[in-house]
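Contents: one structure, followed by commentary.
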Amino acid sequence: QVQLVESGGGLVQPGGSLKLSCAASESIVSINAMGWYRQAPGKERELVAFIISGGVTNYADSVKGRFTISRDNAKNTVYLQMNSLKPEDTSVYYCYAQIPRRGTYWGQGTQVTVSS
């Protein structure tokens with residue numbers, strides 16, 4: 001029932017920045033947690049970052065200090081600001097929303113490529 005629309009991916013040089021957006025079709029204040037996974041070919045899926053309804057955030061060690069997740073409740077949107085990007089950040093990034101008693105919903109994925 002919940003739709004998630006991702007945007008903001010693209011090609012960037014090492015050391016550059018990108019900002020991903022994930023817009024939800026309903027108020028995100030009713031959603032327990034939102035965040036991003038990423039999965040590159042031949043690699044396991046990795047939880048990158050998430051933010052819970054109370055505003056607490058968490059990050060994978062591989063991105064801590066470089067990525068920042070935030071939310072804008074008025075716009076029903078969660079953002080992932082990615083700075084100091086590295087080639088190993090190259091992946092498809094999938095937004096998700098977890099709602100108790102309803103399930104987990106996924107965005108369509110957006111490609112992030114970090115290459116010189």
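In the hydrophobic clustering (ILVMFWY side chains linked at under 4.5 Å, chained through shared members), Ile52 is joined by Tyr37, Leu47, Phe50, Val56, Val92, Tyr94, Tyr96, Trp106.
In terms of heavy-atom proximity, Ser84 sits nearest to Ser17 at N-OG, 4.3 Å.
Atom CD in Gln98 sits 11.5 Å away from atom CE in Met34 (nearest 0.5 Å). Distance check: Trp36 CH2 to Ser91 OG gives 14.0 Å after rounding to the nearest 0.5 Å. Annotation: the span from Thr68 atom OG1 to Lys19 atom NZ amounts to 10.0 Å, rounded to 0.5 Å. Separation of atoms CG (Asn32) and OG (Ser53) is listed at 5.5 Å; rounding is to 0.5 Å.
Looking only at side-chain heavy atoms (C-beta outward), Pro87 and Ser115 stay at 4.5 Å or farther from each other. Here the side chains of Arg66 and Lys86 are in contact, with some heavy-atom distance below 4.5 Å. Counting heavy atoms from C-beta outward, Arg38 and Thr110 have side chains that stay 4.5 Å or more apart. Glu46 has its side chain within reach of Ser62: a pair of non-hydrogen atoms, C-beta onward, lies under 4.5 Å apart. Arg102 is listed as a side-chain neighbour of Val2, based on a closest heavy-atom distance under 4.5 Å.
The backbone N or O of Gly109 lies less than 3.5 Å from a partner atom in the side chain of Glu6, making a donor-acceptor pair. At least one donor-acceptor pair under 3.5 Å links the side chain of Thr77 to the backbone N or O of Lys75.
Residues that satisfy the side chain to side chain donor-acceptor pair (under 3.5 Å) test with Asn73, not counting sequence neighbours, are Arg71. Looking at residues two or more places apart in sequence or on another chain, you find no salt bridge (Lys or Arg N to Asp or Glu O under 4.0 Å) involving Glu88. Not counting sequence neighbours, the partners of Val112 by the side chain to side chain contact (heavy atoms under 4.5 Å, CB included) test are Leu18, Leu20, Met82, Tyr93, Val114. Listed by chain and residue number, nothing satisfies the side chain to side chain donor-acceptor pair (under 3.5 Å) test with Arg45 (two or more places apart in sequence, or in another chain). Remark: Ala49 engages Tyr59, Ile69, Leu80 in a side chain to side chain contact (heavy atoms under 4.5 Å, CB included) (not counting sequence neighbours).
Note: the hydrophobic cluster containing Leu4 also contains Ile99 (ILVMFWY, side chain heavy atoms under 4.5 Å, direct or indirect links). Tracing side-chain contacts under 4.5 Å through hydrophobic residues (I, L, V, M, F, W, Y), one never reaches Tyr79 starting from Leu85; they form parts of separate clusters.
Counting heavy-atom neighbours within 6.0 Å of Gln39 CD, excluding the residue itself, gives a total above 12.
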Quiz prompt | Ile28/Val78 under side chain to side chain contact (heavy atoms under 4.5 Å, CB included): CA gap, chis, key distance, verdict | solution = CA-CA 9 Å; Ile28 60 174; Val78 173; 4.3 Å; yes
Practice problem: Could you go through the salt bridge (Lys or Arg N to Asp or Glu O under 4.0 Å) check for Lys64 and Asp61 one step at a time? | Solution: CA-CA 5 Å; Lys64 192 173 297 182; Asp61 288 342; 3.4 Å; yes
